[in-house]
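First the structure, in the form of structure tokens, and then the observations on it.
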Amino acid sequence: MCRLLSFVFVAWTSCVFAGELQLTLPPVVYAVPGLNVSLYHDNLVLTQTPEQYRFEFTCKLGQNEQRRWTVTPADADVGDHPLQVTVKDATGKVLEQGRTTLHVSPRDAGAGKPLRLLIVGDSLTHASVYPNEIARLSAEPGNPKLTLLGTHKPSSVKPGVAHEGYGGWTWVRFLTLFTPQKAEAAGPLAKKDTSPFIFPSADGKKGVFDLKRYFKEHCDNQPPDVVTFLLGINDCFTANPDDPDAKITEVLENAEKLLAEFHKAAPNARLAVGLTTPPNARQEGFTASYKDKYLRWGWKRIQHRLVQRMLEQFANREKDGLYLVPTELNIDPVDGYPNNNGVHPNPVGYTQIGASFHCWLKAQF
């Protein structure tokens with residue numbers, strides 16, 4: 001894979017968070033010809049009533065609809081396109097503005113080139129829908145030759161799909177979780193009791209974090225080319241919505257530790273952090289899942305702040321092999337979620353997450 005140089009230095013700081021709506025954009029939004037990508041209004045700002053505001057988008061491509069800006073690029077659209085977002089109140093007064101770059105990769109970017117991918121995550125990954133979608137898209141003509149790595153193969157995975165996604169997991173669990181009586185091996189035998197990256201010591205009483213051993217025993221003794229991470233919901237879900245920063249700081253410290261371990265064990269791998277996905281737009285989903293113990297607006301405030309902090313901490317670190325994937329934007333907060341779940345998408349939403357990762361992967365060639 002060759003490194004992109006044309007757009008990685010775009011500054012996200014043009015999107016300030018000081019305004020009441022806290023308009024938040026990543027440095028780059030990724031796309032490929034023939035695949036739909038959208039920016040949903042509700043995912044861009046912090047408000048309970050996005051419908052009361054006017055969202056305007058200035059870009060050579062795409063169109064603005066009632067709840068989203070959307071684009072399905074053509075082959076002629078390959079390249080970088082400035083994208084400006086303006087939010088106005090009902091009278092037309094400009095409240096906030098922000099900029100990003102829409103990067104459209106060639107349809108045949110990376111065609112036939114080998115790509116070893118390890119997917120790490122929580123229950124959204126365990127569901128296996130978006131890993132399946134990444135595999136499906138990569139199997140189409142003009143794409144890299146994908147090998148999915150991992151020890152976890154739940155019943156929902158398609159042939160050839162594997163990952164390290166476990167329900168309820170956090171950044172720190174992958175770093176530290178070890179249960180001696182259940183640690184005969186990493187991966188499937190350990191299930192939820194031991195991190196797949198932790199192995200028992202000689203006496204079996206302690207856990208040893210050892211990515212090089214993991215690569216040797218479970219990845220054909222080769223490190224991955226790319227590792228993606230989609231975490232943050234379980235890490236921050238119980239944070240105080242009125243003041244989530246202390247918890248978020250702790251979580252990001254753990255994220256840095258895990259990312260550093262991967263960078264040390266696989267210095268040439270690209271580490272792609274997915275920005276934590278937004279909640280279901282309906283409170284009824286939270287009522288069904290949590291009996292109103294946790295409110296949709298509470299988690300929305302935490303998630304939006306977490307995304308801001310992730311942008312502050314991880315953006316523009318490509319020289320460290322660290323990248324951001326805007327998984328928080330291209331997911332429909334209404335039609336991408338079932339009525340009875342607050343944070344877990346339906347197949348529509350999971351497919352959109354898969355598309356976001358696929359578009360980012362294509363941009364790496």
Side-chain angles (χ1 to χ4, degrees), residues 1-8 26-38 71-73 75 77-80 100-121 124-125 128-150 157-158 160-165 219 222-231 259 262-263 266 268-275 277 314-315 317-318 320-331 350-365:
M1 293 186 292
C2 63
R3 292 194 179 275
L4 289 169
L5 298 177
S6 61
F7 61 88
V8 296
V28 182
V29 175
Y30 301 92
V32 295
L35 190 61
N36 178 259
V37 172
S38 299
V71 62
T72 303
D75 291 300
D77 299 324
V78 167
D80 294 339
T100 185
T101 295
L102 174 68
H103 177 80
V104 182
S105 299
R107 188 186 298 267
D108 61 352
K113 296 182 179 180
L115 175 61
R116 294 165 51 80
L117 172 63
L118 175 63
I119 300 173
V120 178
L124 273 66
T125 304
S128 303
V129 182
Y130 85 78
N132 289 341
E133 180 65 5
I134 294 172
R136 185 191 71 80
L137 290 169
S138 295
E140 294 180 349
N143 286 291
K145 185 178 180 181
L146 184 67
T147 300
L148 283 168
L149 309 172
V157 299
K158 299 293 185 181
V161 176
H163 53 72
E164 299 296 356
C219 302
Q222 298 179 60
D225 299 312
V226 172
V227 186
T228 64
F229 302 86
L230 188 59
L231 292 160
L259 293 167
F262 268 93
H263 187 62
N268 295 321
R270 301 187 185 194
L271 310 179
V273 178
L275 293 169
T277 51
F314 298 136
R317 287 177 59 182
E318 291 81 8
D320 300 324
L322 182 59
Y323 298 78
L324 286 172
V325 184
T327 42
E328 90 290 13
L329 293 182
N330 183 42
I331 181 168
Y350 278 125
T351 298
Q352 290 176 308
I353 294 173
S356 295
F357 277 118
H358 174 76
C359 292
W360 177 85
L361 286 168
K362 294 284 279 185
Q364 307 312 302
F365 292 93

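Computed from a predicted model, the values in this text were never measured in an experiment. Side chains included, hydrogens not; waters and symmetry mates left out as well; all remaining heavy atoms used.
- Residue G354 comes nearest to L137 through the heavy atom pair O-CD1, 4.3 Å, listed as atom of the first residue, atom of the second, then distance.
- Test L275, T277, L230, T327 against S356 for side chain to side chain contact (heavy atoms under 4.5 Å, CB included) and you get one pass: T327.
- Here the NE2-CG distance, from H263 to N268, works out to 8.5 Å after rounding to the nearest 0.5 Å.
- Counting only heavy atoms from C-beta outward, the side chains of L35 and C359 approach each other to under 4.5 Å.
- Taking the six-membered ring where tryptophan is involved, the planes of Y130 and F357 are essentially parallel, since the angle between them stays under 30° and well short of 60°.
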Begin from the C-alpha positions of L102 and V37 and carry the test side-chain contact (heavy atoms from CB on, under 4.5 Å) through to its verdict.
CA-CA 10 Å; L102 174 68; V37 172; 5.6 Å; no
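- Taking 4.5 Å as the limit, some side-chain heavy atom of L329 sits within range of a side-chain heavy atom of P26.
- By the side-chain contact (heavy atoms from CB on, under 4.5 Å) test, R136 is found to be paired with E133, E140, residues two or more places apart in sequence or in another chain being considered.
- The side-chain heavy atoms of P33 and D77, taken from C-beta on, include no pair separated by under 4.5 Å.
- Looking at I134 and L361, their side chains come closer than 4.5 Å, going by heavy atoms from C-beta outward.
- Taking CD of E164 as the reference point, atom OG1 of T228 lies at 11.0 Å (rounded to 0.5 Å).
- Across every non-hydrogen atom of T125 and P131, the tightest pair is O-CG, 4.0 Å.
- Sequence neighbours left out, the pairs with a member in residues 141-150 that pass side chain to side chain donor-acceptor pair (under 3.5 Å) are N143-K362.
- Closest non-hydrogen pair, C219 versus R116, comes out as O-NH2, 2.6 Å.
- Listed by chain and residue number, D75 satisfy the salt bridge (charged side-chain N to carboxylate O under 4.0 Å, His left out) test with R107 (two or more places apart in sequence, or in another chain).
- The shortest side-chain heavy-atom distance between D320 and L259 does not fall under the 4.5 Å cut-off.
- For N36, the side-chain contact (heavy atoms from CB on, under 4.5 Å) partners are S38, R68, T70, T72, not counting sequence neighbours.
- Shortest non-hydrogen contact noted between V104 and P73 is CG1-CB, 3.8 Å.
- Within the 4.5 Å cutoff, the side chain of Y30 has no heavy atoms near those of the S105 side chain.
- A distance of 6.5 Å separates CG of L271 from CG of L322, quoted to the nearest 0.5 Å.
- Looking at every heavy atom in both residues, L118 comes nearest to L149 through CD1-O, 3.6 Å.
- The two residues P223 and A266 come nearest to each other via the heavy atoms CB-CB, 3.7 Å.
- Side-chain contact between V226 and P224: absent, with no pair of heavy atoms (C-beta onward) separated by less than 4.5 Å.
- Residues meeting the side-chain contact (heavy atoms from CB on, under 4.5 Å) test with V157, sequence neighbours left out: S128, N132, K153, P154, V161, H163.
- Note that the CG atom of L124 and the CD1 atom of I119 stand 12.5 Å from one another [nearest 0.5 Å].
- Taking the side chain to side chain donor-acceptor pair (under 3.5 Å) definition, one finds that Q352 meets it with Y40, sequence neighbours left out.
- Atom CG of residue L115 and atom CZ of residue R270 lie 10.0 Å apart, to the nearest 0.5 angstrom.
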